[in-house]
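Order of the sequence lines sets the chain letters (A, B, ...), proteins ahead of strands, with each chain counted from 1. Just so it is clear, the model here is predicted, and its values are computed rather than measured.
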There are 2 protein chains.
Amino acid sequence: MADPKARPVTLRSIADQLGLHVSTVSRVLNGPSEGGARAASGDTAERIRRLAAELGYQPDPHGSGLRTGRSRLVGVLVPRLSDLVLSTIYEGIDEAAGERGLTTIAANSLDDDETRRTRTKMLLARRVDGLIFGDARLDDAFLDRLATDGVRFVLVNRRAGNHPSVTPDDRLGGRLAAEHLLGLGHTDVAVIAGPPFASTGADRTAGFVGHYREHGIRVPDDRVLHSPFDTSGGRAVADRLLRSPNRPTAIFAVNDFAAIGALGAARDHGLHVGTDIAIMGYNDTPLAAELPIPLTSVAVPMREIGRRALELLTRLLAGENVDSERLRPVLAPRASTGPRRTGP
Amino acid sequence: MADPKARPVTLRSIADQLGLHVSTVSRVLNGPSEGGARAASGDTAERIRRLAAELGYQPDPHGSGLRTGRSRLVGVLVPRLSDLVLSTIYEGIDEAAGERGLTTIAANSLDDDETRRTRTKMLLARRVDGLIFGDARLDDAFLDRLATDGVRFVLVNRRAGNHPSVTPDDRLGGRLAAEHLLGLGHTDVAVIAGPPFASTGADRTAGFVGHYREHGIRVPDDRVLHSPFDTSGGRAVADRLLRSPNRPTAIFAVNDFAAIGALGAARDHGLHVGTDIAIMGYNDTPLAAELPIPLTSVAVPMREIGRRALELLTRLLAGENVDSERLRPVLAPRASTGPRRTGP
DNA sequence: TTCCGTAACCCAAACGTTTGGGCCAAACGT
DNA sequence: ACGTTTGGCCCAAACGTTTGGGTTACGGAA
């Protein structure tokens, strides 16, 4: 691995040991594994590769970064890594990056404008080759500015403007939720819609409300409530809904954690979830299926979304023109919206 | 921020514009903000600083890294970032790193030996100045080897050998749990102990069992079950416990997610948690307090643990001798272990 | 035989920074 | 007045890599 005090193994040390020039070694070790254009003779190349492997040579990113101007670093900005949705997406990003020899640097923006700015600046100062933003806002002036400045980035999970993005098809997801609840006979429904600036919540809500509208049922404005994407936020909002005299028979939370909060609120009101009231979430977090009352949710391929985002970025960095991608969600019906049935 | 095609602003470009030498600029911009040893005159220094700020100069890490041999990069290896405990700790690490002008690179090891090896190699190839491991194993040959190789690292959350570490005081935490359950009259208890190679589970279990032993109650070996630190693992193990003819009256899971799984299993067995059976977790995840049946847990300052780990590493890198730190956990009693009471 | 092509290398510059040595002039001490 | 310090700056080398441009030497074509 790494020797104690031994001088780090460098192109030069290899070249010297073999009586070659450093540039020859560099070309051999860089060229496509077999016979690059200006590579060395098969024999020499073999000796070089063998010695490099034996010494455990690892190119110094400072050297190559300095020379090439590229760092093979990708910056990833998310609202919070401790949000399971984002950390799972990040795992997908990092996994795909690793396969391409790229390294990712993650940072939290906390959905705060000032923090985004400083963290992005930090990443740029690190000379990342490109960025992936998981904290885009609808109508995002910051991103627009960055784009005109020539910074290369893609969005993940949330879309904004027409910056290239990889997201779930959230309108469809909202529709699936509506279809499910309507199919169970719920005509009096409410939505816990997440914060208004996130496309995820907005699109899921729009899809949901749209489906109901197309079936002649209007979801009133005061039945669409905004809240943070977390448990306590969901609980607070659900409590408000359940306190009202004519409470809904079903609640669609655009996020599993908000839904879990709603579960708690329902219990506080003495309601049995699944019979007295239907509650469903979104994202199909691993937790959802394992809860005491399993939570109906809309499954989204989060890890795959992360992978695709990284791939999109690499294509962008390669100079290609890229298009946004929408990944297909699928319904995961469980006990929280009705009589117990065999889970998917 | 970053201009479109404009040449990046460098020490040289600043020096040229001011008719100075690049080394002068460097010294001014590096020296302790006021009057370094060999800095320039107050006037010149001021001009340099002003222009640097105006142009938005950011030192190129490739250049300085190459010259100094240091990268100001810290590698962080954890089992999984999508594990809330680890991602929260990581947030603490990253937060503290940011304050010191360091950047962290995170990677998942999945608690898999091969993956650890390759990911660590990757981080080392990136020339990180030091590492923080969140996936240590009791008796960890890999870490021992790394240490003798001169790699500088600290451990977080889990301890191993006598490598410097920052962890919760898990024995104490286990004792707090035992004290709580025993105080409620539970003498017939079981432990969901997590995987056997993690010090966290082992120490929590040891503290728990030790406390009972000191009070004359033996927790039999077949009442201490190992499982992964996740919900489905906890559910499976709890199911086994509850299926047995003489089932325990209380279960201590060394992890909140395993406890949530146990909650589900209890429900499957028609038991009402809090009255029919007591279940408690560990870590006091934000979720715990918000669950339909709030989960008793042992609160651990996860974010602070991360911060301390980073600080410990910086001291280590500065050449100081460092000691491990154990942070104090505190009990968070809730409804899942007894009659509803006001939460902490 | 001469000339060209090419395989297989070597040379050298450049990327941006840091840092041990200068060097000059002004200030100071005696 | 003369030597010494020191403030304020410049010089140059080095870190490891990549890459456009040589330079040989040899094989084959004319």
- To the nearest Å, give me how far apart CG (A/Asp60) and C1' (C/dC15) are. 13 Å
- Query: In whole Å, what is the span from the CZ atom of B/Arg127 to the P atom of C/dT17?
  - Reply: 20 Å
- Message: Expressed as a whole number of angstroms, how long is the span from A/Leu18:CG to C/dA8:C1'?
- Response: 14 Å
- How are the rings of A/Phe142 and A/Phe133 set relative to one another: parallel (under 30°), tilted (30 to 60°) or perpendicular (over 60°)? perpendicular
- Task: For B/His21, enumerate each residue passing the ring pair (Phe, Tyr, Trp, His ring centres under 6.0 Å) test, keeping only those at least two apart in sequence or located in another chain.
- Result: none
- Message: Considering every strand and a 4.0 Å limit on heavy-atom distances, what is the contact class for A/Ser26: base, sugar-phosphate, or nothing?
- Response: base
- Message: Quick one about B/Asp129 and B/Ser71 (side-chain donor to acceptor, distance below 3.5 Å, no hydrogens or angles considered), yes or no?
- Response: yes
- Given that both pair distances must be under 3.5 Å and the pair must be Watson-Crick or G-U, what runs of three or more consecutive pairs involve DNA chain C? C:1-30 with D:1-30
- Task: Would you please confirm or rule out a distance under 4.0 Å between OP1 or OP2 of C/dT17 and any side-chain N or O of B/Thr10?
- Result: yes
- Message: Please report the distance, rounded to the nearest Å, between CG in A/Asn30 and C1' in D/dT19.
- Response: 10 Å
- Got B/Leu123 and B/Leu131 here, is their nearest side-chain heavy-atom distance under 4.5 Å? yes
- Message: Between P on D/dT17 and CG on A/Leu66, what's the gap in Å once rounded to a whole number?
- Response: 12 Å
- Note on the structure: Atom CG of B/Leu11 and atom P of C/dT19 are separated, to the nearest Å, by 12 Å
- Starting at CG of B/Asp16 and ending at C1' of C/dG16, how long is that distance when rounded to a whole Å? 13 Å
Atom pairs under 3.5 Å: protein N/O with N/O of nucleotides 11-13 of chain D:
residue: D/dC11; atom: N4; partner: B/Ser23; partner atom: OG; Å: 3.0

- Note on the structure: Taken in chain and number order and not counting sequence neighbours, the residues that satisfy side chain to side chain contact (heavy atoms under 4.5 Å, CB included) with B/Gln58 are A/Lys121, A/Ala125, A/Arg127
- Task: With DNA chain D as reference, determine whether A/Arg70 or A/His62 sits nearer its 5' end, using the nearest nucleotide of each.
- Result: A/His62
- Message: Show the nearest heavy-atom pair for residues A/Ser82 and B/Leu84, with the distance to one decimal.
- Response: O-CD1, 3.1 Å
- Ion pair check, A/Asp140 and A/Arg116, cut-off under 4.0 Å: yes
For residues 98-108 of chain B, dump all side-chain donor-acceptor pairs below 3.5 Å to protein atoms at least two apart in sequence or in another chain.
residue: B/Glu99; atom: OE1; partner: B/Arg307; partner atom: NH2; Å: 2.8
residue: B/Glu99; atom: OE2; partner: B/Arg307; partner atom: NH1; Å: 3.1
residue: B/Glu99; atom: OE2; partner: B/Arg307; partner atom: NH2; Å: 3.3
residue: B/Thr103; atom: OG1; partner: A/Arg126; partner atom: NE; Å: 3.1
residue: B/Thr104; atom: OG1; partner: B/Tyr90; partner atom: OH; Å: 2.7
residue: B/Thr104; atom: OG1; partner: B/Asp94; partner atom: OD1; Å: 2.8
residue: B/Asn108; atom: OD1; partner: B/Leu81; partner atom: N; Å: 2.9
residue: B/Asn108; atom: ND2; partner: A/Glu91; partner atom: OE2; Å: 3.0

- Could you list the residues that satisfy side chain to side chain contact (heavy atoms under 4.5 Å, CB included) with A/Val322, not counting sequence neighbours? A/Pro164, A/Leu312, A/Arg315, A/Leu316
- Separation of D/dT17 C1' from A/Leu29 CG (nearest whole Å): 12 Å
